[in-house]
Structures are given as structure tokens and as C-alpha cells.
Novice: 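This is the structure I want to talk about, given as C-alpha cells.
Remember, it's 1-based here, ligands and their atoms both numbered in the order they're listed.
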Amino acid sequence: MPEEDHSQASKDYRSEIPQRSERFFLKGSNELDWGMKNRLASIFDPRSGRTVMLAFDHGYFQGPTTGLERIDLDIVPLARWADTLMCTRGILRSTIPPTFRGGVVLRASGGPSILSDDLSNEAIALSMEEAVRLNAAAVAVQVFIGGKNERQTVRNMTRLVDAGNRHGIATLAVTAVGRELTRDARYMRLATRICAELGATYVKTYFVDEGFDTVTAACPVPIVIAGGKKLPEKEALEVAWRAVQQGASGVDMGRNIFQSRDPQAMIQAVRAVVHDGETPEHAFALFEELANRTASPATAPAGA
Ligand code: R5P
């Protein structure tokens, strides 16, 4: 039991100073509850307001994707440069060290595999109780606006939003574009806005060459871009740079990091673009420098 406090005279209430009340740094997120904001601050770095999410959940429908055959050997060493890891619960439990201190975004939808003729036929694949148990900061769900299973996947999202809001866990809506749909700003504006209107805490979408600034402007919550298929490193850095310059709050990048010829150098170069505002030219020079160091490590001293 604490001892009685007799030091009244020395107390300092500074009653003339109004209590500080800071606005939360993330777009559209000021009215969220403390737990949700705290989790979002483990995904987005409050210093830059942005995130580098390392995505390696691809196995949930395509098994051992190139570059993800051995997550223990190839992905775990990259985690120190990731603000957030995006993965399935199976990989998190089996392979990711629980000492990881950044945010974890868990894949929460699934069902069809690459052998199926309809990838959009997804169901919710994770309970919120399990997300809480695994200390997830957010859950991720695929939403196929305009697709065959539009209604079902929107419903998956809204059910996760309701459950997530009860527990203070964010919902990342991933706008998935079927082959039959055009990936342009008009479509991305529609898809991201619908997800935000129906409650997604933040939205992942693809960068588009024309008018991406209108996509971020029309979406009232943060947008992160998916990396997409593997590009030459300089082009991938350019896409990341153009996206953040046009209002994206970061990247959720997978193949362009883990399929790079030097994934450790690439994730550091992506960080330079996203957090430090480096140009793609500078970031690519950093990539080359780091990759060259790995290729020709300093000669070990004699007798070592
Ligand atoms: C896709 O199946 C996953 O949701 C990935 O997390 C997402 O597509 C990002 O990975 P990538 O940068 O390889 O497109």
C-alpha cells in the first residue's frame, strides 16, 4: 500500500496551462479509439506518417511463391527494416519471431487457390478472437468491386470491420482487380471510396499512371499501394516515389522486395523513398551501393 502523501506544498498542477490534446497524425483517423490508434501507430511511423509494409501472405492462395520458399531464411532477416509484416496466421505462428516489435497485419480472407477458376470467391478466414490472441494490429481482406463476388467480399469486409471495431483492431481493405476490369484512376477511386465508406480503416490499392492523386484525394482514409508484379528495382522505386508524392501513406510491397536480386538492399532503398522522401535516383544509388557491399564483402583479416 502506498504511504500517505503529505507533500501538498510541492505539487505543481500548472492550472494555467490547458491540457494538451494532439490530433492523431493519420488521415481520417482522429476519431478512432485509443487502442486502434495505438495499433495504427505500430503500422505507420508517426515521424513520417507513412509505412513500409512487407507483404508475404501470397502463400494463402498460391503456396510457396518464388522468393517465399523459405520464409525463415529469406524474410525473417528483412523484418528489421519493415514497419509492418503482412502475413497469414500460419506463417506468423510457425516462423516469425514473437520478438518482432512492429505491426502485424494478418490475412483474414481466403478460400480459392490458384487452381480455382474464381479467385474472388473468398470467405472470412480468421476470427477476431484469433487476431487478438496473435496481437495483430490489423486484418486484411480482399474486396472485389465490380467482380462476380462483389457483394460477398464487401460483406466479408464489413463483418471484419464490425468485429475489428469492437476490439480496436484495424481493417485493411485490399482492392482486388479482376482481369475483366480496367486498372485506371476511375476504377480505383470507386473501389477505394466504397471500402472507406463502408468502414475500412485503411485501403490498399494499385498505383495508376494517370490521376493517382485523385484516388488518394477522394479516399477519406489512408491508402497504401501494393507493389504488384516484379519490376526492375529502379522502376519499382519510381512507382513507390510517385505514389507517396501523390498522397499514398506508404507501400505494402512483396515481390518487388523479396524477388529483388538483393532483398535487403531493396527494402532499405524503399524505406529511403517512403520515409526520407529520397528520389528514385538517390534510392537506386543506395540500392546499388548496398547490393555491391553484399556481393563483395570486405576481405576478412588474415587468421580470422
Ligand atoms: C496478394 O496476394 C497479397 O495480398 C499481397 O500482399 C499483395 O499483393 C502485395 O504483394 P505484391 O507487392 O507482391 O503485389
Novice: Please state whether the rings of F207 and F212 are parallel, tilted or perpendicular, taking 30° and 60° as the class boundaries.
Specialist: tilted

Novice: So does H275 have more than 12 non-hydrogen atoms from other groups sitting under 6.0 Å from NE2?
Specialist: yes

Novice: Would the distance check show the side chain of D83 and the main-chain N or O of F44 forming a donor-acceptor pair, the cut-off being under 3.5 Å?
Specialist: no

Novice: Going by atom types alone, do D262 and T294 pair a side-chain donor with an acceptor below 3.5 Å?
Specialist: yes

Novice: List by chain and number: which residues place a heavy atom under 4.0 Å from ligand 1?
Specialist: A55, D57, H58, F61, M86, R107, K204, G227, G228, D252, M253, G254, R255

Novice: Taking all non-hydrogen atoms of both residues, which atom of T153 and which atom of Q142 are closest, and how far apart?
Specialist: CB-O, 3.6 Å

Novice: When you check the gap from the basic side-chain N to the acidic O, do E130 and R93 get nearer than 4.0 Å?
Specialist: yes

